[in-house]
Participant: 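One structure, as structure tokens, below. Some questions next.
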Amino acid sequence: MAKIINGEIGQFVPWYDTDGNEINVSDGGIIYVDGVYHWYGMQLRDLPARGGGQGGQTTLTGVAMYASTDLEHWRYEGIILSCVNEPGHELCGPMRFERPKIIYNAKTKKFVLWYHYVGYPGDHGFTEGTAEAGVAVCDTVNGAYQWQGHCRPIDEKGLVRDNTVYQDRDGSAYYIYDRQVGDDRCLHIVKLSEDYLSFTKEYRRLDVAFWREAAAVVYRNGYYYMITSDLTSWAFNQAKYFRAKALFGPWEDMGDPCVGDEDQKTFHSQTTFIFKVEGRDDLYIHMAERHNTESFLHCSYIWLPIDFHDDDTLSLTYQKEWTI
Ligand code: DGJ
């Protein structure tokens with residue numbers, strides 16, 4: 001039984017690893033392999049966001065991972081995709097491996113890690129190397145991942161902003177991202193190649209998901225669900241979810257999933273990932289992050305069970321603490 005402590009809405013609650021250090025895995029996800037949950041994300045710095053200071057939204061180290069068998073006790077596994085601290089190197093920090101997501105390719109027997117790549121100095125921008133999709137690959141889940149480069153899906157003019165990856169039940173996988181062309185920002189879904197290391201030409205623009213980011217996808221009982229945020233930089237905003245019978249759509253706008261969310265700010269958090277608890281028929285956890293723009297080391301993690309209803313809708317209700 002794992003105890004999840006989210007704290008009061010607005011409160012920053014540290015989660016600690018088994019060495020007593022604060023868990024630091026920004027905007028990542030969870031992958032379950034051979035009885036072990038692996039939780040990973042970008043390792044941030046103890047600094048404010050660049051707008052108010054020195055760039056705590058960036059990393060000097062890379063993507064970190066923790067392991068647990070019970071979802072409560074997390075052992076630090078180290079950096080699985082590392083920055084390369086040589087000036088001029090494409091992985092030289094401060095930079096961003098933003099919203100990293102790992103999937104396993106059963107055909108190639110490789111773990112594949114996609115992320116939104118933002119090169120040095122790690123600020124969002126419009127030039128090459130500031131708005132791209134990056135990929136790395138590894139034989140084992142916990143590293144070391146080998147960087148394979150970065151590029152833009154669909155075409156060069158579409159900047160990559162927030163991204164996620166979704167692996168479907170038939171083994172096909174999809175890169176989902178907020179594509180920006182000037183003022184036009186809209187979620188797009190692109191099918192990955194069989195080895196998951198590149199993009200195919202099959203894609204859809206999800207018009208219904210205009211001006212949305214922070215997407216996470218889950219499938220249940222005949223429907224795909226995609227939970228997203230609005231687009232207000234680090235400021236918390238109102239979540240919205242979409243539902244579809246097929247990944248390429250059509251997707252329906254289902255509104256805000258948050259129940260009793262008084263100021264409509266997703267309980268002061270932003271979606272990062274959804275995962276299923278193994279061995280439990282119907283327990284899916286919505287992972288979100290409460291960004292701490294004063295010190296990015298002290299962001300906090302907000303985990304809530306997703307409530308699915310008989311009419312194939314879903315909702316999220318805040319719980320200060322709960323037990324899995
Ligand atoms: C919102 C995104 O979801 C975050 O990951 C981050 O990119 C911020 N925007 C930066 O402003």
Side-chain angles (χ1 to χ4, degrees), residues 12 24-29 40-45 47-59 62-64 81 93-102 113-127 129-134 150 152 158-166 175-180 183 185-188 206 209-217 226-242 257-258 264-274 286-302:
F12 293 104
N24 180 359
V25 276
S26 176
D27 284 340
Y40 56 87
M42 179 169 51
Q43 190 170 73
L44 295 179
R45 301 195 287 161
L47 295 170
R50 175 101 53 199
Q54 305 107 320
Q57 81 282 12
T58 61
T59 187
V63 178
L81 173 60
M95 59 157 300
R96 307 189 71 179
F97 294 107
E98 193 175 300
R99 294 186 173 270
K101 298 289 173 281
I102 298 174
L113 193 172
W114 282 94
Y115 51 91
H116 166 200
Y117 172 81
V118 188
Y120 177 91
D123 295 325
H124 290 306
F126 295 82
T127 56
T130 62
E132 316 221 325
H150 53 85
R152 291 187 181 154
L159 307 185
V160 173
R161 301 303 185 194
D162 278 8
N163 71 183
T164 191
V165 169
Y166 182 72
Y175 184 81
I176 299 164
Y177 74 114
D178 166 22
R179 174 180 154 94
Q180 176 174 14
D183 289 339
R185 289 181 72 163
C186 187
L187 295 187
H188 284 62
L206 308 183
F210 184 74
W211 209 254
R212 306 302 301 174
E213 62 177 2
V217 177
M226 187 189 302
I227 303 182
T228 67
S229 76
D230 199 351
L231 227 163
T232 55
S233 184
W234 298 112
F236 305 121
N237 57 44
Q238 188 172 20
K240 183 190 270 193
Y241 79 103
F242 305 93
C258 301
Q264 299 176 328
K265 293 195 163 123
T266 318
F267 312 118
H268 290 218
S269 65
Q270 188 183 30
T271 299
T272 56
F273 193 64
I274 298 168
H286 176 264
M287 296 169 68
E289 198 160 304
R290 185 166 287 153
H291 306 302
N292 186 340
T293 53
E294 295 304 311
S295 170
F296 267 81
L297 187 58
H298 306 294
C299 293
S300 72
Y301 306 106
I302 310 300

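Sequential numbering from 1 along the given sequence is applied to the chain's residues. Counting convention: from 1, in listed order, for ligands and their atoms alike.
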Participant: At what distance is the nearest protein heavy atom to atom 11 (O) of ligand 1, and which residue and atom is it?
Facilitator: Ser233 OG, 2.9 Å
Participant: Ignoring hydrogens and angles, tell me if any N or O in the side chain of Arg96 forms a donor-acceptor pair with the backbone of Tyr117 under 3.5 Å.
Facilitator: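 No.
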Participant: Among all protein heavy atoms in this structure, tell me which lies nearest to atom 6 (C) of ligand 1, with the distance rounded to 0.1 Å.
Facilitator: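 Nearest neighbour among protein heavy atoms for atom 6 (C) of ligand 1, to 0.1 Å: Trp234 CH2, 3.4 Å.
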Participant: Show your reasoning for whether side-chain contact (heavy atoms from CB on, under 4.5 Å) applies to Glu289 and Ile302.
Facilitator: CA-CA 6 Å; Glu289 198 160 304; Ile302 310 300; over 6 Å; no
Participant: Got a second to check how far Gln180's CD is from Trp211's CH2, nearest 0.5 Å?
Facilitator: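 Atom-to-atom, Gln180:CD and Trp211:CH2 are 7.0 Å apart.
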Participant: Check each atom of ligand 1 against the heavy atoms of Gln270 and keep those under 4.0 Å away; list them by number with element.
Facilitator: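 Atoms satisfying the 4.0 Å criterion: 1 (C), 2 (C), 3 (O).
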Participant: State the atoms of ligand 1, each with its element, that fall below the 4.0 Å cut-off from a heavy-atom position in Asp27.
Facilitator: 5 (O)
Participant: What protein heavy atom lies closest to atom 1 (C) of ligand 1? Include the residue and the distance to one decimal.
Facilitator: Glu213 OE2, 2.9 Å
Participant: Relative to Phe126, does Arg161 satisfy both conditions: NZ or CZ under 6.0 angstrom from the six-membered ring centre, and within 45 degrees of the ring's axis?
Facilitator: yes
Participant: Under 6.0 Å between the ring centres of Phe236 and His268?
Facilitator: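 Yes, the ring centres sit under 6.0 Å apart.
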Participant: Are Trp114 and Tyr177 an aromatic pair, judged by ring center distance below 6.0 Å?
Facilitator: no
Participant: Short list, please: which atoms of ligand 1 are under 4.0 Å from a heavy atom of Arg99?
Facilitator: 3 (O), 5 (O)
Participant: At a 4.0 Å threshold, what atoms of ligand 1 neighbour a non-hydrogen atom of Asp162?
Facilitator: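 The list of qualifying atoms is 2 (C), 3 (O), 4 (C), 5 (O), 7 (O).
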Participant: If you measure from each non-hydrogen atom of Glu98 to ligand 1, which part falls under 4.0 Å: side chain, backbone, both or neither?
Facilitator: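 Side chain only.
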Participant: For ligand 1, which part of His116 has a heavy atom less than 4.0 Å away: the side chain, the backbone, both, or neither?
Facilitator: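 Answer for His116: neither.
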Participant: After noting the C-alpha distance and the side-chain angles of Thr59 and Arg45, does the key distance pass the side-chain hydrogen bond (donor to acceptor under 3.5 Å, both in side chains) rule?
Facilitator: CA-CA 6 Å; Thr59 187; Arg45 301 195 287 161; over 6 Å; no
Participant: Below 4.0 Å, non-hydrogen atoms only: which portion of His291 touches ligand 1? Side chain, backbone, both or neither.
Facilitator: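 Neither part.
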Participant: Could you check whether any heavy atom of His124 sits closer than 4.0 Å to an atom of ligand 1, since that is the contact criterion I want to use?
Facilitator: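 Yes; His124 lies near enough to ligand 1 that a heavy-atom distance drops under 4.0 Å.
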Participant: What part of Leu231, side chain, backbone, both or neither, has a heavy atom within less than 4.0 angstrom of ligand 1?
Facilitator: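 For Leu231, no heavy atom sits under 4.0 Å from ligand 1.
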Participant: Kindly say whether the aromatic ring centers of His116 and His124 come within a distance under 6.0 Å.
Facilitator: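 Yes; His124 has its ring centre under 6.0 Å from that of His116.
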